[in-house]
Amino acid sequence: MSPEQYQGSPVDERTDIYSAAVIAYEILAGRRPFTGGPGVLKYQVMKETAAPPSDLEPRLPQEIDEVILRGLAKQPSDRH
């Protein structure tokens, strides 16, 4: 879930961008950007910044990190 979904805010296409960034992160880095039980996961999604995917897969270029992390922005207005 995106941060705005946890907050109960209206969703739009930027929520889909967040979801696509989560999927891309998992495909490229080999794990999800945030992990844990429901409470921990919610906290991470709402408050923490994901590690750049290249931290987990060093062959990834910095440009990929920038695209994915922008897609994971906490504020929908900060996403692509």
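Here the closest heavy-atom approach between residue Leu69 and residue Ala50 is recorded as CD2-O, 3.7 Å. Nearest approach of Leu72 to Pro33, heavy atoms of both residues: CD1-CB, 4.0 Å. What you find for Ile17 and Arg79 is that their closest heavy atoms are CG2-CB, 4.2 Å.
When the side-chain contact (heavy atoms from CB on, under 4.5 Å) test is applied to Arg32, the partners found at least two apart in sequence or on another chain are Glu26, Thr35. Not counting sequence neighbours, the partners of Ala29 by the side-chain contact (heavy atoms from CB on, under 4.5 Å) test are Tyr25, Pro53, Leu56.
For residues 42-64, the pairs satisfying salt bridge (Lys or Arg N to Asp or Glu O under 4.0 Å) are Glu57-Arg59, with sequence neighbours left out. Within the structure, side chain to side chain donor-acceptor pair (under 3.5 Å) contacts touching residues 6-16 (residues at least two apart or in different chains) are Glu4-Thr15, Asp12-Arg14.
Hydrophobic cluster membership is shared by Leu28 and Tyr18, with clusters built from Ile, Leu, Val, Met, Phe, Trp and Tyr side chains linked at under 4.5 angstrom. Put simply, Phe34 and Met46 are part of the same group of oily side chains (I, L, V, M, F, W, Y) that touch within less than 4.5 Å, one to the next. The hydrophobic cluster containing Leu60 also contains Ile68, counting ILVMFWY residues as joined when their side-chain heavy atoms lie under 4.5 angstrom apart, directly or transitively.
Counting heavy atoms from C-beta outward, Val11 and Gln5 have side chains that approach closer than 4.5 Å.
In terms of modelled atom types and a separation under 3.5 Å, the side chain of His80 and the main chain of Arg70 share no donor-acceptor contact.
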